[in-house]
Amino acid sequence: MNKVVYKPLSWGVGALGGLLAGQVFKQVWKRAAGEEDAPDAIDRDYTWAQVVIAAAVQGAIFGAVKAATERAGAVGYRKATGDWPD
């Protein structure tokens, strides 16, 4: 029963985490690069380094936000039910 209840909750938390990560990355990129949007991999106006750095920063932010939201969801689930989701 533990997994049946937690799984849909974790999907919702994950979706919110993805939205949050996108907003965090957009703000970080705007402040760091002074541009609204990060370069796409096929954008010819950017160098290899700019494209790869943008992707690395985006991946790091998404990974950190995903881990933080998953952990917060698990802790919240434990506080609500007394069980740690497995």
Side-chain angles (χ1 to χ4, degrees):
M1 184 66 164
N2 196 10
K3 288 183 182 181
V4 173
V5 173
Y6 180 70
K7 206 55 153 162
L9 175 67
S10 71
W11 293 335
V13 169
L16 289 174
L19 293 172
L20 176 63
Q23 291 302 315
V24 169
F25 174 70
K26 190 170 185 123
Q27 290 301 312
V28 168
W29 187 258
K30 188 187 300 186
R31 289 188 178 136
E35 299 178 8
E36 287 294 318
D37 296 315
D40 290 325
I42 60 171
D43 192 332
R44 72 176 89 189
D45 296 328
Y46 294 93
T47 66
W48 271 84
Q50 289 169 312
V51 168
V52 171
I53 289 169
V57 170
Q58 185 177 31
I61 289 171
F62 270 80
V65 171
K66 181 178 186 278
T69 56
E70 285 182 7
R71 184 65 177 202
V75 169
Y77 183 83
R78 186 188 68 203
K79 286 181 180 179
T81 66
D83 293 325
W84 187 261
D86 295 331

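A continuous path of Ile, Leu, Val, Met, Phe, Trp and Tyr side chains, each step under 4.5 Å between heavy atoms, connects Val65 with Val57, placing both in one hydrophobic cluster. Connection of Ile53 to Phe25 is established within a shared hydrophobic cluster, with ILVMFWY side chains joined at heavy-atom distances below 4.5 Å, either directly or through further cluster members.
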Q: Take Asp37 and Lys30 through the salt bridge (Lys or Arg N to Asp or Glu O under 4.0 Å) test and state the conclusion after the steps.
A: CA-CA 7 Å; Asp37 296 315; Lys30 188 187 300 186; over 6 Å; no

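Residue Thr69 comes nearest to Val13 through the heavy atom pair O-CG1, 3.2 Å, listed as atom of the first residue, atom of the second, then distance. Shortest non-hydrogen contact noted between Trp29 and Gln50 is CH2-O, 4.3 Å. Between Gly22 and Phe62, the shortest heavy-atom distance links the atoms N-CZ, 3.7 Å.
Rounding to the nearest 0.5 angstrom, the gap separating the OH atom in Tyr6 from the CG atom in Asp83 is 12.5 Å.
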